[in-house]
Amino acid sequence: MSQGQRNRGSGGAQPLPKPYDFVPFAPQVERKVPVGHHRYLHLSGTLRARLIARSPVHVASGLLTQSRDPRYPLIKAHFRANGTPVIPGTSLKGCMRSIVEAISPSSVSITRAPQLPRDLKASDKTKHLDVAQRIFGALGYQGQIRISDAALDRGQTTIQGTPQLFAPRPKAPVYLDARGQLRGRKFYMHGRPASGDLPLEVCPVESTFTFRLDFENLTPGELGLILIALGLGEPRWYPKLGGGKPACLGTIEVIEPQVEMTDAVTQWYADVDPPAAQAGDIQTLIQAARNEGLVLEDQVHRLADILRWPRDDRRCPDRSY
Amino acid sequence: MHKATFLQGTLRLTIRPDGPILIKAGETGSGDPTLPDMQFVRTKYAVSDGSGSQRAAGAIYLPGPSLKGVIRAHCERICRTLDGEALQQQRQERRRQLDEAEGIRMEYRRIPLADNPLGDGAQYGGLNDTRYNSGRAIEKLRDKISTAAVYRLSSFVSQLFGNTALAGRVRFADAYGNNVVVEERNGVAIDRVYGSVMVGPFNYETVVGGEFPTRIDFKNVTLAQFGLLGLALRDLAEGRIALGFGKSRGLGRVTASFDSLEIHYPTCILEDGALRLVGRDIRLPAGHFGGVGAFGGDAWRAYDFPSDDVAPLPEGWRFQADEVMGVQLRAEGADQVKAFWRACMPAWKREIGL
């Protein structure tokens, strides 16, 4: 069966428009020696923010659970830590890293795509790491940040029926351009969530989560790059995470970012009672990312277009996709 | 210096997970498909937990080496950050007479505050040298130098935690869990081009609740060394250091509370509120406590202990004479323990040249 026929479903409808688009790869990957963990040379501290669900968020626990809703006796459960629904740190890290990689001169850390050019492959030498590897880590190099689980702090989970989704098909021609080269990194667009028959336990729209990221030895620009990835730069965007991305789930807005940091490490370790951490200025840090040459403007504008919000103009595919 | 004991003590603390933690067991991936791919480390046999109670086989615990590793690494990080050329020259000059007397060659005399216990370098090459290992350097000189020189030529952090030529002065016990809550998590790596799962799902076990009381024993430490240990443990208590696997993806966050600190001077007696070393004419000022440097005198000069290794007792701390011999200091609670570290800070600042 051809791909076009599959997308038409059983009723022979027109092919569905793709719910995703591509951000082209970096023209060049810049690698250097990472700063390491053996001494404090740059900024260390904590980034706190609140996450607001702008569309239902579902991070699967991998378990089915019983529900009281007679329509859906069994639902796919949301991930929990110690009984509280949370967005696990792993999901947040993956979401942030994929964006940082896309908008900076970084390699493609995780892919099986055979057409990936050799110079875009991730370095396995710990002395030559791109900026995403330096921040988030690489094989043999621990990253400079620690992302905690973001616990649901307001609201309760609900049940959302979503369409059944097929797994992505790597052999589909959509990933290649006319010359047979990869079109770039795949990002799903936001839109009006579709409904279907697959019951998911979700954190509904307006749910809020507490986000915390600890960082160590980041340059101002690297910290700024993380802030841009969270959608706090210009142009703004909303990251997307969790399950059901093609069905428009997982739209997240990051608000109230606060950076507490210290670069006066001498004082920090000259007494048991350290001085108060300073507040970092978000805009200054974001500008530092550009000054340090860590931001690819073309890629930023492409991604901002894909991840823009609101998207009332766009409906997500409401049948098996 | 382990041939005499001037002071020894125990710090008791309780570590609590603040989110998921995982210290991976080595031998996972058994044939049992119901077990997660990565499991938490567990005792293989029943074991005594150090407080007199017995733990059944299969108890979840934080191994002492895991704690020692992160605390040592953090101490090294603090020292490397504060160390400098001028400070190293000062220390080298202070040791000059002792080193010359033993014929230590110039290239072995410059010692940083922190070295790399896993490095393979025997000669220090400056502040950016991450390979220098003072244990390796001493091994090259062994047989030709005294045990005092082994201590003197070890880096400050190695003097406390040990190296391949010198036993450490702190011992970390395993921390056995109480009321441990275990959960399983799944992980997948998403392909950046296709959006599909590239690796996984792999599942791993985490501990998300419970308490891990443990103890750190120490002996013959200087006040500066004790102060450094205090700074590293402060950062552990306040969640700045993570433990175990998956730190960058949010695992390993812990908090710690300090339950008690006990210090014992087994060879001292109390004389008008002052410590006096039995059999020697060494007496500390009244109301002052001391590190190992305060008791050495000329007999231990070759160790290059700080000679002014004393500090006033913090408020709320009192000497208590033992029934037979020896003097004790003991305090309960985080505030009192912190007050003790605060009292060690002037000695630490002298060490780092502030």
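Just so it is clear: chains get the letters A, B, ... in the order the sequence lines come, proteins before strands, and each one is counted from 1.
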Part of [X] within contact of chain B (heavy atom distance under 4.5 Å):
X: A:I147; value: both
X: A:K186; value: both
X: A:Q144; value: neither
X: A:R183; value: neither
X: A:S91; value: neither
X: A:F187; value: neither
X: A:F136; value: backbone

Side chains of [X] and [Y] in contact at under 4.5 Å (non-hydrogen atoms):
X: B:R77; Y: A:N217; result: no
X: A:H38; Y: B:N116; result: no
X: A:R39; Y: B:L127; result: yes

Quick check on [X] against chain A: is it the side chain, the backbone, both or neither that has a heavy atom closer than 4.5 Å?
X: B:V181; result: side chain
X: B:W341; result: both
X: B:K247; result: both

For a quick test of reading the model, state the closest non-hydrogen atom pair linking [X] to [Y] and the distance between them.
X: A:P168; Y: B:Y194; value: CB-O, 3.3 Å
X: B:A189; Y: A:I110; value: CB-CD1, 3.7 Å
X: B:E183; Y: A:A81; value: OE1-CA, 3.3 Å
X: A:T90; Y: B:Y204; value: CG2-OH, 3.5 Å
X: A:A270; Y: B:M345; value: O-SD, 3.9 Å
X: A:N82; Y: B:V208; value: ND2-O, 3.5 Å

> Under the side-chain contact (heavy atoms from CB on, under 4.5 Å) criterion, do A:D273 and B:K338 qualify, and how do the steps go?
Replying inline: CA-CA 9 Å; A:D273 309 294; B:K338 220 167 172 185; 4.3 Å; yes

>> Apply side-chain contact (heavy atoms from CB on, under 4.5 Å) to residues A:D214 and B:R253 and explain how you reach the verdict.
In response: CA-CA 10 Å; A:D214 294 271; B:R253 182 186 298 285; 2.4 Å; yes

> Taking B:R249, B:R192, B:M198 one by one, which has the highest count of heavy-atom pairs under 4.5 Å against chain A?
Replying inline: B:R192

> Most heavy-atom pairs under 4.5 angstrom with chain A, which of B:G252, B:G209, B:G250?
Replying inline: B:G250

>> Quick check against the 3.5 Å criterion: does A:D149 have a side-chain atom that pairs as donor or acceptor with the backbone of B:G19?
In response: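 Checking the backbone N and O of B:G19 against the side chain of A:D149, no donor-acceptor pair under 3.5 Å is found.
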
> Less than 4.0 Å between a side-chain N and a carboxylate O, is that true for A:R212 and B:D18?
Replying inline: no

Residues 225-239 of chain B side chain polar contacts: donor-acceptor under 3.5 Å, at least two apart:
{"unit_1": "B:Q225", "atom_1": "OE1", "unit_2": "B:T222", "atom_2": "N", "d": "3.1"}
{"unit_1": "B:Q225", "atom_1": "NE2", "unit_2": "B:Y151", "atom_2": "OH", "d": "3.1"}
{"unit_1": "B:Q225", "atom_1": "NE2", "unit_2": "B:Q159", "atom_2": "OE1", "d": "3.3"}
{"unit_1": "B:R234", "atom_1": "NH1", "unit_2": "A:W268", "atom_2": "O", "d": "3.3"}
{"unit_1": "B:R234", "atom_1": "NH1", "unit_2": "A:D271", "atom_2": "O", "d": "2.8"}
{"unit_1": "B:R234", "atom_1": "NH1", "unit_2": "A:V272", "atom_2": "O", "d": "3.0"}
{"unit_1": "B:R234", "atom_1": "NH2", "unit_2": "A:W268", "atom_2": "O", "d": "3.1"}
{"unit_1": "B:D235", "atom_1": "OD1", "unit_2": "B:R240", "atom_2": "NH1", "d": "2.3"}
{"unit_1": "B:D235", "atom_1": "OD2", "unit_2": "A:Y269", "atom_2": "OH", "d": "2.4"}
{"unit_1": "B:D235", "atom_1": "OD2", "unit_2": "B:H74", "atom_2": "NE2", "d": "2.7"}
{"unit_1": "B:E238", "atom_1": "OE1", "unit_2": "B:R240", "atom_2": "NH1", "d": "3.3"}
{"unit_1": "B:E238", "atom_1": "OE1", "unit_2": "B:R240", "atom_2": "NH2", "d": "2.4"}

> Heavy-atom count around B:D335 CG within 6.0 Å, excluding the residue itself: above 12?
Replying inline: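 It does not: B:D335 CG has 12 such atoms or fewer within range.
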
> Among residues 97-105 of chain A, which ones touch chain B with a heavy-atom distance under 4.5 Å?
Replying inline: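 When heavy atoms of chain B are the reference, residues 97-105 of chain A contributes A:R97, A:S98, A:E101 within the under-4.5 Å range.
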
